[in-house]
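Each chain gets a letter, A, B and so on, in the order the sequences are listed, and its residues count up from 1.
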Amino acid sequence: MTTTHLLIVATVLAAVSYFAGRARAWSVARENGGIRQLHSLPTHHGALVAIWCFVPALLLVVVWKLAEPVYIGNIVNANVPAELSAGDERQIALYRNDVENLISDGDASQITDDGKRALGERLLAQRSSSSLALTLLALAAALGGAAFAYKRIAAPTRARHSVERVVKFLLVSSASLAILTTLGIVLSVLFESLRFFQQVSFTEFVFGTSWSPQTAIRADQIGSSGSFGAIPLFTGTLLISAIALLVAVPFGLMSAIYLAEYASPRMRNITKPLLEILAGIPTVVYGFFAALTVAPAIREFGSVIGLSVSSESALAAGAVMGIMIIPFVSSLSDDVITAVPQAMRDGSYALGSTKSETVRKVVIPAALPGIVGGVLLAASRAIGETMIVVMAAGLAANITANPLEAVTTVTVQIVTLLTGDQEFDSAKTLAAFALGLMLFVVTLVLNVIALLVVRRYREQYE
Amino acid sequence: MNDILSPPVSRAGLHEEPTANTVLQEIKATVGTATVENPKMQARNVDVHYGEKQAIFDVSLDIGNNEVVAMIGPSGCGKSTFLRCLNRMNDSIPSCRVSGEMSLDGEDLYGPDLDPVLLRARVGMVFQKPNPFAKSIYDNVAYGPRIHGLAGNRGELDEIVTESLKRAGLFDEVKDRLDAPGTGLSGGQQQRLCIARTIAVSPEVILMDEPCSALDPIATARIEELIDELRQNYAIAIVTHSMQQAARVSQRTAYFHLGKLVEVNDTNSVFTNPQHELTENYITGRFG
């Protein structure tokens, strides 16, 4: 039986044990004079039997599958030709791959090479016996576990406590999954970055003002050792994000105020989903909107009033990105503004204040923590945004605060670094990981600040 | 100016119609005296509808200067609705319609020239649940004076805030922490803060909608003392579920039942010698 089949059978067995355990708990209850005499409900007893059936079998399969490759590796090592076993591991792996391919149809008898045929037959035999042994052992574990738990069903058995411990363990492991994934991503980026910093010094990367990641592709190429100063990229990211926020915060906040305070319910029901569609437009569509429509329009307008605007300006990318993140600001702000209690508004009206005074001086200050949270979320989104800037912001690593010039961003450079045909351990490619790490640190700091701001206001006003 | 309002008795007669076979049949017209010699606010033949449903039926009532009028009655009898009409707080409910006449110093509250924002500066309101703003104690009290430009400089504003807090009986408890958030005070302190906030704009009338229902007896006693002191300068209307409170703080008491004003008279005579059977049933605890 394959592992999949085995797991399906174990699941079916677990379901059967659940019903059997529950039925037995009911009969125990009847013998003892009613369900009140049981410590745990019949469903708890059933669930406990099912757990005892499924979990040991699952653990056995997992351990077996982890141990099997080690065992097979030993068989291969013992059966390779003498001239290879003295050689390096890569050749053994190659030999083994060859054999694996030859026996992929489950038949080793057609192999011409004697040594390979012997190994192939050995592997096939080992596999079938291993599979049989696993099936038998797993079924034994499932049935044995279920029988053990089934026999333990009695009035005082604390099945509920055991089941709830298992449920709690499941919840904890689900929560850990996200954390562990984040940790894994951070570590993998961190180790690649460390390799990068062995080639390029950390200070040069963080404080260098020149970005030109052209390294030699072949050893005999001359010159281009590349310079990896990340400052131009971060100023570019900062400039574009700042423009995006300058667009998104006023527009987002004002539309949120309109929706929450002024719009009629009908208007709100129509407008809010429409506004949220903005967040659903693929960023690549925003990208060519920025590159083909907004950027030329800004350049035209600039030439009319006598300004020189480069065709890939930070302004075009930032403005379009700002429109993209309007829903982040408006939707979150709308929620927190709506959550401000009506009693607070009434208090303000009862003192003779107008609607706009009430909104400006009572509602917005009360909703501020949530609004700040929304803005910082939008900022993280703007800093990490890639597609719009790839298409509209250009590749020129200028250090400038002029929104009419072309700049490049961290994300754009990561994309260009990784889409070449470079070796994967060259400084050029590894630089992408270092940039990713820096970007991660920046957004992390931003999120921490957001949390602190929100918490400070919470303490003050709740 | 008062002559725009006709005497209550003749108008009440016009609305007298045979009704269905309910307890309402007994409420033909308000028993007692709804008018006073020196009225601050007047209501005549007021009907209030929420959409199709009528919440107030033909209520006429005066609120005099320097007096506390208590409005009592079972839940849902319309006393809060009536109170909220007096400073047009019901404007924010789209389905609410008010007809009849209401006036402040003879000025029509629902007339075309009246700005509800200015009205509410003259007719302040204290709510059932304390609702301080998410601001410091100082800013809570200074809010009204600031939006109405009542203080020319910081010194004057300080004085208004201090004076209002003193009159609300809160100053001594909070004088060292005026910058602390108003929401951090206890329930009774929050309610006194809301009263301080209301009197900081120097209104002429104060409406109180069950101001003590969320407070403990000690905090309630302080607020009742405060109401009695405030009477020297303001006209006050208070909605309450506590008949003892109505008896303690008010000079006149109005008993509402199912949207109708059943009886209004001197507090003393309402509680010792109720004229209407419904009033008697309510104050003796037979229902409500």
Residue part contacting chain A, namely of [X], when any heavy atom lies under 4.5 Å:
X	value
B:R146	neither
B:P94	neither
B:L118	neither
B:V126	neither

Using modelled atom types and a 3.5 Å cut-off, is there a donor and acceptor pairing between side-chain atoms of B:H148 and backbone atoms of A:L351? yes
Quick one: does any side-chain atom of B:K135 pair with a main-chain N or O of A:K361 as donor and acceptor, under 3.5 Å? yes
Could you pull out the closest heavy-atom pair between [X] and [Y], with the gap in Å?
X	Y	value
B:Y143	A:S353	OH-OG, 3.5 Å
A:A343	B:N131	O-ND2, 2.6 Å
B:R197	A:G347	NH2-CA, 3.7 Å
B:F133	A:M344	CE2-O, 3.4 Å

Measure the spacing between [atom1] of [X] and [atom2] of [Y] and express it to the nearest 0.5 Å.
X	Y	atom1	atom2	answer
B:R120	A:T354	CZ	OG1	10.5 Å
A:R345	B:S92	CZ	OG	10.5 Å
A:Y349	B:N87	OH	CG	13.0 Å

Per-residue contact mode, A:S348 against chain B (heavy atom under 4.5 angstrom): both
[X] atom [atom1], neighbour heavy-atom count above 12 within 6.0 Å:
X	atom1	value
B:Y110	OH	yes
B:K129	NZ	no
A:E164	CD	yes
A:Y262	OH	yes

